[in-house]
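Written below as structure tokens is the structure these notes are about.
Keep in mind the model is a prediction, meaning the values are calculated, not measured. Chain naming here is simple, since letters A, B, ... match the order of the sequence lines and numbering starts at 1 in each. Any value given below was found using the heavy atoms of this structure, including those in side chains, with hydrogens, waters and symmetry copies removed.
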2 protein chains.
Amino acid sequence: MPQKKPTRPDATPAGRLVEARLHHVMGYQLAQATIATTLVYMREVGDPFELRPVEYTILSLINENPDGSAAQLAQALSVTAPNITMWIDKLEGRGLVQRTRSETDKRAQHLRLTDKGATLVTQATEKLLLGEREAFAHLSEGERTILIELLHKVALTRPARKG
Amino acid sequence: MPQKKPTRPDATPAGRLVEARLHHVMGYQLAQATIATTLVYMREVGDPFELRPVEYTILSLINENPDGSAAQLAQALSVTAPNITMWIDKLEGRGLVQRTRSETDKRAQHLRLTDKGATLVTQATEKLLLGEREAFAHLSEGERTILIELLHKVALTRPARKG
DNA sequence: TATTGTTATACTCTATAACTATA
DNA sequence: TATAGTTATAGAGTATAACAATA
């Protein structure tokens, strides 16, 4: 029988190192958890759709916010303006996103998904949600809900520069 | 009176975009929360100590696991072997880490912090914990504890490749 | 043969500066 | 003057391949 090696609650998930002090640093635990979710993301979406995490998020936000601007995306994702331009260039080049000039403000542009883009992002989200549910099945439905909400609460801190 | 604009529970922390579907993707919420903790990290530790997040974590893990190996660190942080070498090179160059060859296994090396390194990491962790506590004061003590434990639980998924 | 650690190197991603066209 | 978006480019970070030394 494959006896599972017992883990200390303050041990690193991999590498079996002690992390007593570090254990209470939120940024560290976020990074460790992100390693796990990134694995799931790459398997379910990243590799099969050849889509980087940022690209997926950009597509999702455009999908749920038709005719939003690049500036909004840049702020939401904490990505610089030149880089948003680059990512949208790529996505437009793949025929997933459409740019149209705004009529009311000719500097700005409206972003929309093409049918192809919308189909892709819908499939991707479906796979991701199922993949996460399966990978993190050792968390209860309630625990996952609480986790999501607490993360959201942490994220809301952002706008304030100094607390 | 500065009336705070009311936010929808499924809106992005910045950029005011809707994220209804995306809201339940764990990887996305982790990324959003990480933007907030990174801001705190940079202000409290990154900028004043000129220390990248990985560097801080490496120092912390060496501190709590004296005479651990580089391979263990690489695995714990999900960083490739060549890159761990590079980071330790930098930290050793700054006089924060010491490398010594293992006697029992002459391939391996033991990693230790210098006094300077130990002092630095202790100060950094102190500032970080206080900074996070202040920045995320809108979460109760209990909520922060729960968040940490749930993140740890997510991170524990890592070793299993599929399932 | 497998593992620890290293070097060399290419690739991806990100940040900064400078520019345009609008407002 | 400020903002939306772009171009050009440098820098940081990461990954892969190939290697030496040891197990």
Point to revise | same_hphob_cluster(Trp87(B), Met42(B)) at 4.5 Å side-chain heavy-atom cutoff | key: yes
Practice item. Ignoring hydrogens and angles, state whether a donor on the side chain of Thr125(A) or Tyr56(A) is under 3.5 Å from an acceptor on the partner side chain. Key: yes
Check your understanding: Which whole-number value in Å describes the distance from His110(B) NE2 to dT4(C) C1'?
Key -> 13 Å
Check your understanding: Taking NZ, NE, NH1 and NH2 as the nitrogens, is one of them in Glu132(A) or Arg144(A) under 4.0 Å from a carboxylate oxygen of the other?
Key -> no
Check your understanding: Between dC13(C) atom P and Asp89(A) atom CG, what is the distance in whole Å?
Key -> 15 Å
Revision key, fill the gap. Leu73(A) atom CG is separated from dT6(D) atom P, nearest whole Å, by 12 Å
Exercise for review: Name every residue in residues 45-70 of chain A that has at least one heavy atom under 4.0 Å from any atom of DNA chain D, in order of residue number, or write none if there are no such residues.
Suggested key: Ser69(A), Ala70(A)
Study note, to complete from the structure: Residue pair Val79(A)/Thr85(B) against DNA chain C: nearer the 5' end by closest nucleotide is Thr85(B)
Review point. Please give, in whole Å, the distance from dT9(D) P to Met86(A) CE?
Key: 17 Å
Point to revise | Any pair counted as side-chain hydrogen bond (donor to acceptor under 3.5 Å, both in side chains), so long as it reaches residues 61-70 of chain A, sequence neighbours left out | key: Asp67(A)-Arg112(A)
Practice item. Any chance you could list the contact pattern along nucleotides 16-23 of chain C? Use B for base contacts, S for sugar-phosphate-only contacts and - for none, protein heavy atoms under 4.0 Å, 5' to 3'. Key: BB---BBS
Exercise for review: Rounded to the nearest angstrom, tell me the gap between atom NZ in Lys90(B) and atom P in dT6(C).
Suggested key: 16 Å
Practice item. Can you tell me the distance, in whole Å, between the CD1 atom of Ile84(A) and the P atom of dT7(D)? Key: 15 Å
Check your understanding: Ala135(B) and Val40(B): which non-hydrogen atoms are nearest, and at how many Å?
Key -> CB-CG2, 3.6 Å
Review point. When you check the gap from the basic side-chain N to the acidic O, do Lys90(A) and Glu55(A) get nearer than 4.0 Å?
Key: no
Check your understanding: Is the CG atom of Asp115(B) crowded by more than 12 outside heavy atoms at less than 6.0 Å?
Key -> no
Point to revise | Whole-Å gap separating P (dA4(D)) and CD (Gln75(A)) | key: 9 Å
Check your understanding: Taking everything shown except Arg133(B) itself, do over 12 heavy atoms lie less than 6.0 Å from its CZ?
Key -> no
Exercise for review: State, without any angle test, whether His110(B) and Glu103(B) hold a side-chain donor-acceptor pair at a distance under 3.5 Å.
Suggested key: no
Review point. Would you say dT6(C) has OP1 or OP2 under 4.0 Å from some side-chain N or O of Gln109(B)?
Key: yes
**Study point:** Below 4.0 Å: OP1/OP2 of dT14(C) and any side-chain N or O of Trp87(A)
**Key:** yes
